[in-house]
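Please read all numbers here as calculations on a predicted model, not as lab measurements. Below, chain A is the first sequence line, B the second, and so on; all start at residue 1.
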There are 2 protein chains.
Amino acid sequence: MEYSIGQAAKKMGLTVHTLRYYDKEGLLPFVKKSASGLRVFSEEDIDWLVIIECLKGTGMHLKDIKQYIDWCREGDATLGKRLEMFKRQKAKIEEQMAQLQRHMEKINYKIAYYTEAVAFGSIDILKRNRCLAAEKERIFGPLKK
Amino acid sequence: MEYSIGQAAKKMGLTVHTLRYYDKEGLLPFVKKSASGLRVFSEEDIDWLVIIECLKGTGMHLKDIKQYIDWCREGDATLGKRLEMFKRQKAKIEEQMAQLQRHMEKINYKIAYYTEAVAFGSIDILKRNRCLAAEKERIFGPLKK
DNA sequence: ATAACAATTAGAGTTAACTCTAAGTCAAGA
DNA sequence: TCTTGACTTAGAGTTAACTCTAATTGTTAT
C-alpha cells in the first residue's frame, strides 16, 4: 500500500505542512518521489513515521531523531550507537513515568482538597482538616520555618 | 522560612530569569516585595511554584495555569471550576501514561532488535527472524498491501 | 475539457517559553 | 568607603517546531 502526502498525514494525525517540514529537516530521506515529483509514502515509510512520533513523543528533539536516521543510513557500523540511543531513551521514559506518577499524587491531593471544599462551599473549614494537612505534608514535603 | 529570588530559583531548579518571567506573566501574584522592592518568597509561595511546575510538567500552558491562579484569587465562587480543572488534568495525565506505555513497547522492540543486530554484527540476518517479525506486527500494527 | 482539488517549492510568519542585556539599585564584608 | 554580588526593570533576542502564503503544476471526476 502506498500513500500520497495527504493520506500519510491523515494516517499519522499530522498536517502535510509538518510532513514537508520533516522532509526538509532531513527526517524522511527514505521517502521516494513519483515521476512528476510527488512524494510517495510506502508502508515501510509509515513505520519510520511511527518511530519518529515515538521518539518525539518521549521528548527527543528533531535534530537528535535526524542523528538516529543518519546512523541508520550509515549501515551496520552504527548498530551499537543506535542500541545505546534506544537504551538511553528507555531510561528517559522510565524517569518520565516516575515524574508523571509524582505529579499525579499532587493532582490527586488537589482533587481531594477541592472535592471537600466544594462540598462545604468554602475553603475556610479545610484549614483545620488534619487528614488533608497530613496528606499535603506527605506529598509536598515537610514545612520549614 | 523566606527565600530571595535566587534561593527560590535554586530550590525549584529554575533560573531567576524564569521566575521573573512567570511573575511578569501573572503567575506569581502572591509573592510579596520587601521595602526596597526585592521579591520575598514564603514557604507558601514555594507550594505555589510546586503546583505550577506540576501543571506545566503535565503539559498545561502557562496561560491556563494563570487562569487557575486567577480563579484562586476570585475566591470560593470558583471552587467548582478549579475542581473540574484538576479532574481534566488527571484524565490528561492518565492518557499521557498510557501513551508513554505504548511508546515504551516500541522502544523495547527496538532494543530487542538492535541487541540481536549487534550480536550478529549486521541487520541482514534479522530479516528472517520470525520472533522479531511477530513482535513488530503486534506493536506496530499489521501490514497493509 | 474544465473544474476542483491535491501536490510542488521557497521562504516568511507564528507561538510558547524562555533567555539575555543594559542600566541601574541595594546590602554586606574588608 | 569601596567592592562584590545579588537584586531591580524594560525590553530585545533566541529556539524549536511548526504553520502558512504565494505562485505554480499535477490529477481526477464529470
**Q** Rounded to whole angstroms, how far apart are CE on M60(A) and C1' on dA17(D)?
**A** 16 Å
**Q** Quick one: L19(A) CG to dT8(C) C1', roughly how many Å, whole number?
**A** 14 Å
**Q** Please compare K24(A) and G37(A) by the position of their nearest nucleotide in DNA chain C and report the one closer to 5'.
**A** G37(A)
**Q** As a test of reading the structure: which of dA7(C), dT8(D), dT19(D) is closest to the side chain of I5(A), going by heavy atoms?
**A** dA7(C)
**Q** Where the side chain of V16(B) is concerned, which of dC26(C), dT21(C), dC7(D) is the nearest nucleotide?
**A** dC7(D)
**Q** Could you give the OH-to-P distance, from Y21(A) to dA12(C), as a whole number of Å?
**A** 16 Å
**Q** Give the nucleotide from the list dT21(D), dA16(D), dC18(C) with an atom nearest to the side chain of H61(A).
**A** dA16(D)
**Q** Ignoring backbone atoms, test whether Y22(B) places a side-chain nitrogen or oxygen under 4.0 Å from the OP1 or OP2 oxygen of dA17(C).
**A** no
**Q** Cation-pi between K110(B) and Y113(B): NZ/CZ under 6.0 Å from ring centre and within 45° of the ring axis?
**A** yes
**Q** Find the distance H17(B):NE2 to dC20(C):P and express it as a whole number of Å.
**A** 6 Å
**Q** Select one nucleotide: of dA17(D), dT21(C), dT9(C), the one nearest the side-chain heavy atoms of R39(A).
**A** dT9(C)
**Q** Between atom CD in E25(A) and atom C1' in dG11(C), what is the gap in whole Å?
**A** 13 Å
**Q** When you get a sec, tell me which of dT8(D), dA7(C), dT9(C) is the closest nucleotide to the side chain of K33(A)?
**A** dT9(C)
**Q** Fit a plane to each ring of F86(A) and Y114(B), take the angle between them on a 0 to 90° scale, and name the class: parallel (under 30°), tilted (30 to 60°) or perpendicular (over 60°).
**A** parallel
**Q** Is the positively charged end of K106(A) above the ring of Y109(A), judged by distance under 6.0 angstrom from the centroid and angle within 45° of the axis?
**A** no
**Q** OH of Y3(A) versus P of dT27(D): gap in Å, rounded?
**A** 21 Å
**Q** Given dA16(D), dT19(C), dA17(C), which nucleotide is nearest the side-chain atoms of K63(A)?
**A** dA16(D)
**Q** Between atom CG in D64(A) and atom C1' in dT15(D), what is the gap in whole Å?
**A** 14 Å
**Q** Under 3.5 Å, is there a donor-acceptor pair between the E44(A) and W48(A) side chains?
**A** no
**Q** Only one of E74(B), K81(B), R82(B) passes side chain to side chain donor-acceptor pair (under 3.5 Å) with T78(B); say which it is.
**A** R82(B)
**Q** Quickly work out the K10(A) NZ to dA6(C) C1' distance and round it to whole Å.
**A** 13 Å
**Q** Between K56(A) and dA17(D), is there a side-chain N or O to OP1/OP2 distance below 4.0 Å?
**A** no
**Q** Looking at every strand, decide which applies to R20(A) at a 4.0 Å heavy-atom threshold: base, sugar-phosphate, or nothing.
**A** base
**Q** Mapping S36(B) and Q7(A) to their closest nucleotides on DNA chain C, which lands nearer the 5' end?
**A** Q7(A)
**Q** Would you classify S4(B) as touching base, sugar-phosphate or nothing, given that sugar-phosphate means primed atoms plus P, OP1 and OP2, and contacts are heavy atoms under 4.0 Å?
**A** sugar-phosphate
